[in-house]
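Notes for the one structure printed next.
For ligands, and for the atoms within them, numbers begin at 1 and follow the listed sequence. The chain is numbered in sequence order, starting from 1.
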Amino acid sequence: MDKTLLAKTAAAMVAKGKGVLAADESSGTCETRFKTINTPCTEESRRAYRGLLFTTPGIEQFISGVILFDETTRQKTTEGVLFPDYLAKKGILPGIKVDTGAKNLALCPGEKVTEGLDGLRERLAAYFKQGARFAKWRAVITIGEGEFTLPTHPCLYANAHALARYAALCQEASIVPMIEPEVLLDGGHAIERCEEVTEATLRATYAAMAAHNVSLEHLILKTSMVVSGKTNARQAGVDEVAERTVRVLKRTVPAAQPGVVFLSGGQSDVSATAHLNAMAAMGDLPWPLTFSYSRALQNPALNAWRGQSANVGAAQKAFHHRAKMNGLAAQGEWKTGLEKQAA
Ligand code: 13P
């Protein structure tokens with residue numbers, strides 16, 4: 001465990017005005033995304049698309065790291081450079097998704113537990129050699145109301161336990177763990193319920209980190225924001241989302257931690273930017289806040305690309321724009337007008 005390297009990596013991930021691109025969609029998720037643009041999902045089309053994102057000129061100003069999927073670590077740019085090497089040369093940290101997915105949690109209908117601990121020590125050692133300096137593990141927490149009140153205690157604690165064991169293995173391998181307990185925004189629940197569940201989730205997560213001797217100084221939290229359930233009639237505004245999210249983080253996330261990043265979770269690209277901006281603008285926080293979006297960074301680029309090499313330039317322009325907007329939002333310096341100027 002190289003604590004100097006871990007501290008350096010974690011600080012670089014949340015450097016001022018920068019955030020992390022999540023490009024670690026599994027091939028199944030990629031297929032779903034590519035279907036929306038009528039593009040076949042093949043090893044080559046995934047390589048071409050990821051290559052388009054990574055080679056966008058100038059993104060290193062706003063992107064500190066990229067979370068890769070296993071397949072992508074062995075793929076190359078058109079010039080034949082392995083993607084992790086290409087990113088590292090550009091000053092962007094290569095990261096890797098190491099969980100093997102959320103599976104049904106036995107005896108807990110409607111809930112999931114994330115798997116992937118078996119053989120993880122060996123996989124982390126191999127990824128480190130390939131250049132990975134941070135790793136991601138996503139736990140999924142579902143809010144349910146009515147007959148089944150979710151999440152249940154076993155779901156919160158099984159996921160927290162797995163996150164802590166993964167985080168400890170990462171630190172042992174000198175790889176910064178990005179722990180991602182995602183509270184899904186699906187459902188008809190009110191934002192108050194999302195706040196309660198997010199708080200309970202983070203409490204369970206940090207209790208497990210302490211129980212497993214995980215070093216808080218060498219850890220990045222990737223969290224969902226506190227938002228209204230997708231189908232709830234009252235959709236909270238930007239300021240309310242920001243206030244509730246920051247309140248929960250202040251209650252639960254130790255000040256020793258080097259940073260907090262957000263997932264977008266199905267929010268529109270501009271909402272995800274506006275929410276981050278409102279939180280960063282509040283100031284007086286013990287840790288830097290920034291983005292680690294997949295959909296909210298990629299959707300405009302994906303829609304501009306549509307699988308056509310002739311559209312690469314337009315797609316890169318769209319990606320650069322979202323990265324820049326989120327880089328500003330991480331400093332509380334984004335304004336709606338900047339979106340219009342670009343349109
Ligand atoms: P979204 O920003 O699309 O939610 O993806 C982030 C992520 O990494 C999910 O694990």
Aromatic contact, Phe62 with His320 (centres under 6.0 Å): yes

Pairs flagged by salt bridge (Lys or Arg N to Asp or Glu O under 4.0 Å) wherever residues 207-220 is involved - sequence neighbours left out: none

Ring centroid separation Phe83 to Phe54 under 6.0 Å: yes

Pair Phe34 and Trp305, ring centroids less than 6.0 Å apart: yes

Residue of the set Lys112, Arg138, Lys222 for which salt bridge (charged side-chain N to carboxylate O under 4.0 Å, His left out) holds with Glu182: Arg138

Centroid-centroid under 6.0 Å between His161 and Tyr157 rings: no

Neighbouring protein residues of ligand 1 - any heavy atom closer than 4.0 Å: Ala22, Lys136, Arg138, Glu180, Lys222, Leu263, Ser264, Gly265, Ser292, Tyr293, Ser294, Arg295

